[in-house]
Amino acid sequence: MEFATIKGFKDILPEEIPYWQETEAVARRTFQVSGFQEIRTPLIEAKELFARSIGEETDIVSKEMYTFQDSKGRGLSLRPEATASVVRAYIQNRLYQQDPVQKLFTIGPMFRHERPQKGRFRQFHQINAEFFGDPGPKSDAEIIVLAESLFHAFGLRDLTLLVNSLGCPTCRPDFRAELQIYLQDREDKLCTDCRRRSHTNPLRVLDCKVPGCRETVADAPLILDVLCDDCRRHLEGLQEYLDLSGVEYTRAPRLVRGLDYYTRTTFEFQTERLGAQNAVAGGGRYDGLVQQLGGPDLPAIGFAVGAERLIALLQELRPCPAGKPDLFLAALGEAAEKTCFGWATALRRAGFWAEMGYGFKGLKAQMKKADKLGVSTALILGENELAEGQAVLRDMQSGRQETIGTRDIVPLLVKRLTENPISRA
Ligand code: HAM
């Protein structure tokens with residue numbers, strides 16, 4: 001085989017597509033009833049947009065972006081996430097002028113040059129929601145409950161919700177300094193990356209997966225101990241709302257996320273069922289980002305669900321929600337083929353899934369195919385039936401057959417299939 005997908009990229013084959021369609025449909029419905037509107041942004045943006053919002057020092061920007069220069073020498077990147085793009089769109093299109101409060105969602109592919117493994121790809125898909133213009137904590141709760149409702153709608157009840165606060169520009173600098181001293185005193189125990197991070201971005205060390213670093217940060221200072229009064233009240237307010245909505249959560253004082261734009265609330269939905277890639281969704285508040293990217297000083301919060309990880313959980317939970325044809329038309333001989341083609345076309349125009357045999361196969365082969373497709377009714381038209389103005393309807397399960405006249409057969413079939421839509425998924 002000369003060509004194959006590049007490492008970390010994969011085809012989504014027809015047999016998996018029903019999961020994707022269901023996932024997107026449920027997500028769209030869930031967003032809609034919470035007042036979220038869809039937005040679609042380009043897959044390519046200025047590299048600087050991501051560097052400025054996600055942070056130069058993050059793994060995403062420093063190691064994982066697909067960046068290239070266009071013919072004019074501009075640095076462009078495939079989007080590694082959606083938040084920066086949605087914020088840019090909010091500012092560029094002055095959506096805040098109609099109303100600063102905007103609830104937006106977007107679904108689509110993201111690109112990160114990470115080491116591929118189970119649940120981790122270089123092209124993956126996110127279901128992403130962003131809520132602009134409300135300082136919270138009600139909107140924090142709304143966003144978290146929305147993510148939870150999505151999982152609930154899919155029947156996923158065993159995810160763990162971790163919640164933390166990362167403080168704000170008032171209290172985080174003190175925490176950062178305290179953490180920096182703690183880490184620099186233990187520099188020899190940190191991996192090479194974290195030694196550098198302890199100087200440039202110490203909070204990132206809390207997120208490192210290297211065992212030595214994990215051990216070292218186990219006793220590191222906790223941000224919860226140094227939150228300013230406003231951040232503390234915000235967190236308490238959020239907890240009150242979460243309690244009110246009956247959403248269970250765990251306080252996770254060491255949860256930092258891999259993106260630098262967060263302030264105050266951060267959260268993750270985790271599972272034990274996917275191995276090392278345990279985060280199914282993550283999000284948080286990013287109150288400074290709109291202004292930082294050149295917009296007005298407006299707060300925001302959002303989250304993204306990893307669609308591949310969500311679908312991996314769904315695949316464990318239930319079989320593929322595939323549909324099946326309403327009717328299989330088995331034709332024997334060229335004249336019958338042509339007649340069946342006409343009927344299939346008419347049925348399809350009427351909104352029914354009519355399937356046919358191809359390649360002039362015999363009756364046995366066509367019935368085998370009809371069985372494989374899971375249809376409950378097949379129509380059989382041989383040359384004799386055609387000549388006599390008749391066709392045979394066969395109940396695929398019982399094998400019972402019935403002869404029907406071919407005059408006005410399409411309205412008759414439409415009536416039958418509407419009355420008895422057994423095969424409709
Ligand atoms: P994130 O935590 O980087 O956050 O990604 C969100 C989710 O995307 C993860 O929890 C995971 O399920 C999925 N994901 C991330 N990387 C991969 C990968 N390489 N392969 C498969 N799935 C992956 C964000 O991207 C933020 N923009 C979320 C957000 C929205 N915060 C505020 N608004």
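Numbers here are sequence positions counted from 1. This structure is a prediction, so every number in the text was calculated from the model and none was measured. We count ligands from 1, going down the list as the structure has it; atoms in each ligand are counted the same way.
With hydrogens left out, the protein atom closest to atom 31 (N) of ligand 1 is Y262 OH, 2.6 Å, a heavy atom. For atom 27 (N) of ligand 1, the closest non-hydrogen atom on the protein side is E81 OE1, 2.5 Å. Of all protein heavy atoms, the one closest to atom 20 (N) of ligand 1 is F121 N, 3.0 Å. Regarding atom 6 (C) of ligand 1, its nearest protein heavy-atom neighbour is Q126 NE2, 3.3 Å. Counting protein heavy atoms only, atom 14 (N) of ligand 1 is closest to F124 CE1, 3.5 Å. The closest protein non-hydrogen atom to atom 9 (C) of ligand 1 is A279 O, 4.0 Å. Protein heavy atom in closest approach to atom 30 (C) of ligand 1: T83 OG1, 3.0 Å. The protein heavy-atom contact nearest to atom 19 (N) of ligand 1 is E114 OE2, 2.7 Å.
When side chains are defined from C-beta on, L313 does not count as touching F154, because their heavy atoms never get closer than 4.5 Å. F269 has its side chain out of reach of V305: every pair of non-hydrogen atoms, C-beta onward, lies at least 4.5 Å apart. With contacts defined as side-chain heavy-atom distances shorter than 4.5 Å, the pair D395/T377 does not qualify.
Looking at M110 against ligand 1, nothing comes within 4.0 Å, counting heavy atoms. The proximity of R112 to ligand 1, defined as any non-hydrogen pair under 4.0 Å, is limited to the side chain. The side chain of R257, and not its backbone, has at least one atom closer than 4.0 Å to an atom of ligand 1 (non-hydrogen atoms only; side chain from C-beta on). Looking at P80 against ligand 1, nothing comes within 4.0 Å, counting heavy atoms. When non-hydrogen atoms are compared, ligand 1 lies under 4.0 Å from the side chain of Y261 (C-beta onward) but not from its backbone. Residue E308 does not touch ligand 1, judged by heavy-atom distances below 4.0 Å.
Centroid-to-centroid, the aromatic rings of Y286 and Y261 come within less than 6.0 Å. Two rings, from F132 and Y96, have their centers 6.0 Å or more apart.
Listed here is the closest heavy atom pair of Y182 and T216: OH-O, 2.6 Å.
Among I44, T41, I39, the single residue meeting the side-chain contact (heavy atoms from CB on, under 4.5 Å) criterion with S85 is T41. Checked against E57 for a salt bridge (charged side-chain N to carboxylate O under 4.0 Å, His left out), the options R204, R196, R197 give a single hit: R196. In summary, of the residues considered (L310, T271, N278), a side-chain contact (heavy atoms from CB on, under 4.5 Å) with L159 occurs for T271 alone.
Close contacts of ligand 1 with G283, meaning ligand atoms under 4.0 Å from a residue heavy atom, involve 31 (N). Against a heavy-atom cut-off of under 4.0 Å, E130 is close to the following atoms of ligand 1: 30 (C), 32 (C), 33 (N). Short contacts between ligand 1 and G119, defined as distances under 4.0 Å to a heavy atom of the residue, involve ligand atoms 20 (N), 21 (C), 22 (N). Here is the list of ligand 1 atoms found below 4.0 Å of a heavy atom in R120: 18 (C), 19 (N), 20 (N). In the vicinity of N128, heavy-atom distances shorter than 4.0 Å reach the ligand 1 atoms 30 (C). Near G282, the atoms of ligand 1 lying under 4.0 angstrom from a non-hydrogen atom of the residue are 10 (O), 28 (C), 29 (C). Residue V280 has at least one heavy-atom neighbour below 4.0 Å for each of these atoms of ligand 1: 10 (O), 12 (O). Residue A281 has at least one heavy-atom neighbour below 4.0 Å for each of these atoms of ligand 1: 10 (O).
Applying the salt bridge (Lys or Arg N to Asp or Glu O under 4.0 Å) criterion to R186, with sequence neighbours excluded, gives no partner residue. Residues passing the side-chain contact (heavy atoms from CB on, under 4.5 Å) test with A27 are F31, I107, I127, L150, sequence neighbours excluded.
Residue contacts with ligand 1 do not include F269, since none of its heavy atoms lies under 4.0 Å from the ligand.
At least one donor-acceptor pair under 3.5 Å links the side chain of D99 to the backbone N or O of V101.
Other residues, nucleotides and ligands contribute over 12 non-hydrogen atoms within 6.0 Å of the CD atom of E24.
Checking E355 against W353 by side-chain atom types alone, a donor-acceptor pair falls below 3.5 Å.
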